[in-house]
Every structure is written in C-alpha cells, then in structure tokens.
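Reading through the structure tokens given below for one structure.
By convention in this document, chain letters (A, B, ...) are assigned in the order of the sequence lines, proteins followed by strands, and residues within each chain are numbered from 1. All of these numbers come straight from a predicted model, not from anything done at the bench.
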Amino acid sequence: MSWTKLLCSHREVQLIGTLNGGQTFRWTHNKDNDEWIGIFSKTVWKLRQSNDGLQYQVIGSLLSKSNKNNSKKATVAKDVNTELFTSLLEKYFRLDVDLVRYYKEWSEADELFKSAGQQFYGVRMLAQEPVENLFSFICSQNNHISRISSMVEKLCTQYGEEICSHEGTTYFSFPEVQKLCEPKVEAQLRKLGFGYRAKFIQKSAEQIVEWGGEDWFRTLQDMKYKDAKEELMKLHGIGPKVADCICLMSLNHLEALPVDTHVYQIAAQNYLPHLRGKKNVTDKMYMEIGDHFRKLYGDMAGWAHTVLFCADLKKFQQNGKEDESVKPKRRRIK
DNA sequence: TTCATACCTCTATT
DNA sequence: AAATAGAGGTATG
C-alpha cells in the first residue's frame with residue numbers, strides 16, 4: 001500500500017504531542033517504525049511524518065465508495081476516496097490553521113509559553129467528533145489516561161461497528177449515541193468496570209437522543225461558547241471541566257479552557273499566587289483561571305493552554321511512569 | 001451562592 | 001502482604 005502525503009512544514013505538526021497529549025484516546029504509537037494507528041470517522045488510519053509533510057494510509061473504512069469488478073471504475077473510486085480521506089484528515093488536524101504564527105503570538109504574550117513552545121512545537125488541537133469526544137471525557141473524570149483508553153476501547157468493541165482487521169487486531173468505530181442510550185447499558189458498563197460513570201454514559205446518551213442526537217451537536221457549534229457550555233452541563237455527568245473539553249475539542253469553541261488539577265497547579269504556580277494551596281477548585285476559581293488565560297492568549301486560548309498542558313504532562317511523565325505502553329490487564333477472576 | 005464530600009475502580013506507594 | 005492515597009471531576013446536600 002502506498003502513502004498519501006499532505007504537505008506541511010515539520011514545525012506545524014508534532015504527532016506525539018497531538019495524539020498522545022490526552023485529547024484523544026484512540027491512537028497507538030509503534031515506536032519501532034514511528035508510525036501511528038488510530039480510528040476516527042469510521043476509518044482506521046496509519047500516520048507517519050516526514051520533513052515536509054504528514055503521510056497517511058487508510059487501513060480500512062466504512063466510508064469507502066466500493067467498486068465492483070470494472071477496473072476503470074475502480075480507479076475513479078480510488079481517486080474519489082483519496083479526495084475524501086485527505087479532506088477528512090485535513091479537517092481533523094485543522095491544517096488550515098497556521099500554527100507557527102499562533103505560537104509566535106502566544107510566545108510574545110507569555111514567557112512560560114515561549115519556553116514550553118520551543119520543545120513542544122506543533123501541538124495541534126484536533127477537530128474531533130462530538131459523540132466520541134463527549135463519552136470519552138465522561139470516562140476521564142477521576143481517572144488516568146491508560147484506564148480511559150481501555151474504557152473507550154470497551155465502548156467501541158461492545159457497541160461500535162467492526163471496521164476491519166489488520167495484523168491480528170480488529171478495529172471498531174466509536175458507537176452511535178443511539179447504541180448507548182438503552183437502559184441495559186448501565187448494568188453492562190458497570191460489569192465492565194466503568195463504575196459510577198456507567199450511569200452517566202447511559203443517561204447522557206438518553207438525553208442527547210431525546211434532544212436530537214447528531215443534530216443537537218450542530219446547534220451547539222453554532223451557539224456562542226458560553227451558551228454551548230451551559231447546554232452541555234445539563235447532561236448527567238458533565239460538569240464545567242468536561243463541558244469545556246467538548247467545546248474546545250469537538251465544537252470549535254477554541255476559547256474554551258478546561259481547568260483540571262494540572263491547569264490549576266500551573267496557574268497558581270506561575271500567574272495567580274493567591275490561589276495557591278487551595279483544597280479544590282471552586283467555580284469562582286475556575287472562572288478566574290480561565291479568564292486569566294483568555295486575556296493572555298486571546299480567542300484561541302484553549303489551544304494555547306493545551307500546549308502548556310502537554311509540557312506539564314511530559315514533565316510529569318519523566319518523573320512518573322505514565323508513558324509506558326498499556327500492558328494487557330490481568331483480569332481478576334472470582 | 002459557595003463549599004466539602006462520597007463516589008467506582010485501578011494502580012502505585014507504603 | 002495488606003492498606004491507603006490519588007487519579008486530567010461531578011452530583012449532592
């Protein structure tokens with residue numbers, strides 16, 4: 001199979017910072033050949049980087065325009081598919097955004113960004129699919145990345161659609177909301193170890209379906225950021241932090257700025273000393289921290305903060321051991 | 001309105 | 001070996 005290349009400068013995209021920085025949970029890195037395999041848009045992708053671009057292969061897809069026997073037709077279909085997949089990938093990575101330019105702006109505004117941005121160049125805010133994004137981040141609360149990833153995979157194998165098998169692994173799409181809203185889902189997910197999040201997932205799915213499913217998300221994109229956030233927080237299990245994650249990562253509200261314990265630490269340490277030593281982040285503090293960063297970085301503050309976050313996460317990973325690949329879990333049998 | 005705490009489960013640490 | 005704290009929060013009172 002051949003690679004399709006999207007032209008862009010090396011400093012525009014850094015796959016490890018973008019795909020392994022905690023915004024998405026469905027990409028795995030093969031360290032031997034420096035290739036990535038991941039899933040979005042019902043499609044299994046393989047990615048790699050060269051000096052002048054981002055390259056991809058489609059391993060399998062439920063979107064492909066299939067073609068039967070006629071070889072001329074097959075060639076046409078192949079071109080149509082390439083066009084489709086290239087456009088999907090460009091949108092997913094937001095390749096229309098000139099990130100080098102924004103790094104320059106954010107560096108001029110802030111010394112801390114300047115030093116973080118040098119090492120962590122090319123960290124892009126993906127344009128994810130709202131459904132996957134929302135349910136992944138319901139799983140993220142009180143949780144760590146390796147466990148979040150395994151829970152997301154469970155959702156896909158249980159309720160998603162099979163896309164293809166490749167080198168011994170079967171890949172599944174992220175499930176439709178309709179699949180998650182049935183009452184039995186809660187008990188099933190509890191059995192799979194989702195804990196109290198099981199109820200959040202089933203209930204939220206129910207609400208989303210009731211309010212219009214996919215179409216409801218489209219209305220959230222068209223709203224002002226604050227309104228969209230308010231709407232999201234009506235869902236069971238979605239508070240201010242997860243609502244901001246969804247606004248930022250899949251609803252195109254780039255000023256949304258999720259404040260978790262890490263971001264709180266960064267803010268208290270570097271900018272807002274009066275917030276140091278607090279037990280937990282109150283709503284008021286949450287607002288203050290978000291507004292501080294928005295004032296500093298402007299209308300794409302959420303993207304900028306993700307770069308800081310990424311730097312902080314890496315620092316943590318060097319001390320701790322979070323970076324180890326996910327080991328197969330030993331199931332305790334009773 | 002603002003604040004503290006329980007919550008499922010897994011893991012690293014003691 | 002067994003107990004405990006903490007993990008990229010939220011609902012509840």
Problem set entry | Near-strand residues of residues 235-245 of chain A, defined as heavy-atom separation under 4.0 angstrom from DNA chain C |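 By residue number: L235(A), H236(A), G237(A), I238(A), G239(A), P240(A), K241(A), V242(A).
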Answer with yes or no whether the side chains of [Y] and [X] bring together a donor and an acceptor at under 3.5 Å.
X: Y159(A); Y: Q178(A); result: no
X: R94(A); Y: N252(A); result: yes
X: Y286(A); Y: D244(A); result: yes
X: D52(A); Y: S50(A); result: yes

Problem set entry | Base-pairing string, 5' to 3', of DNA chain C - Watson-Crick or wobble, under 3.5 Å, | interstrand | .||||||.|||||
Exercise. Looking at N280(A), does any N or O in its side chain come under 4.0 Å of the phosphate oxygens OP1/OP2 on dA4(B)?
Worked result: yes
Problem set entry | Other cluster members, I39(A) - Ile/Leu/Val/Met/Phe/Trp/Tyr, side-chain contacts below 4.5 Å | I37(A), V44(A), I59(A), L62(A), I163(A), Y171(A)
Without decimals, in angstroms, what is the distance between [X] [atom1] and [N] [atom2]?
X: M285(A); N: dT2(B); atom1: CE; atom2: C1'; value: 12 Å
X: D283(A); N: dT10(C); atom1: CG; atom2: P; value: 10 Å
X: I138(A); N: dG9(C); atom1: CD1; atom2: P; value: 14 Å
X: N143(A); N: dT10(C); atom1: CG; atom2: C1'; value: 13 Å
X: K191(A); N: dC8(B); atom1: NZ; atom2: P; value: 17 Å
X: I246(A); N: dG8(C); atom1: CD1; atom2: C1'; value: 14 Å
X: M151(A); N: dT9(B); atom1: CE; atom2: P; value: 10 Å
X: R147(A); N: dA12(B); atom1: CZ; atom2: C1'; value: 15 Å

If you measure from the [atom1] atom in [N] to the same atom in [M], how many Å do you get, rounded?
N: dT4(C); M: dA6(B); atom1: P; result: 15 Å
N: dA11(C); M: dC10(B); atom1: P; result: 23 Å
N: dA5(C); M: dT5(B); atom1: P; result: 14 Å

Of the nucleotides [options], which has the atom closest to the [X] side chain?
X: Y196(A); options: dG8(C), dC10(B), dG9(C); answer: dG9(C)
X: T282(A); options: dC7(B), dC3(B), dT11(B); answer: dC3(B)
X: K284(A); options: dC7(B), dT2(B), dG8(C); answer: dT2(B)
X: I145(A); options: dG8(C), dG9(C), dA4(B); answer: dG8(C)
X: N142(A); options: dG8(C), dT5(B), dC8(B); answer: dC8(B)
X: H144(A); options: dT10(C), dG8(C), dC8(B); answer: dG8(C)

Problem set entry | Lys/Arg N to Asp/Glu carboxylate O, E176(A) vs K42(A), below 4.0 Å |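 Judged by the 4.0 Å cut-off on N to carboxylate O distance, E176(A) and K42(A) do form a salt bridge.
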Problem set entry | Whichever of M233(A) and F137(A) has its nearest DNA chain C nucleotide further upstream toward 5' | F137(A)
Problem set entry | 5' priority, DNA chain C, between F200(A) and R197(A) [closest heavy atom] | R197(A)
Exercise. Who are the salt bridge (charged side-chain N to carboxylate O under 4.0 Å, His left out) partners of E105(A), not counting sequence neighbours?
Worked result: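 Listed in chain order: R101(A).
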Problem set entry | Parallel, tilted or perpendicular: ring planes of F309(A) versus H262(A), cut at 30 and 60 degrees |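 Tilted, since the angle between the ring planes falls between 30° and 60°.
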For this session: Hey, could you give me each pair passing ring-ring contact (aromatic ring centres under 6.0 Å, His included) that has a residue in residues 222-254 of chain A? Not counting sequence neighbours.
Result: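 Pairs touching residues 222-254 of chain A that pass the test: F200(A)-H236(A).
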For this session: Scan G193(A) against the nucleic acid and name what it touches under 4.0 Å (heavy atoms): base, sugar-phosphate only, or nothing.
Result: sugar-phosphate
For this session: With sequence neighbours excluded, tell me which residues meet side-chain contact (heavy atoms from CB on, under 4.5 Å) with K226(A).
Result: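 K226(A) satisfies side-chain contact (heavy atoms from CB on, under 4.5 Å) with M287(A) only.
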Exercise. In this structure, which one of F93(A), Y92(A), F40(A), W27(A) forms a ring-ring contact (aromatic ring centres under 6.0 Å, His included) with W45(A)?
Worked result: F40(A)
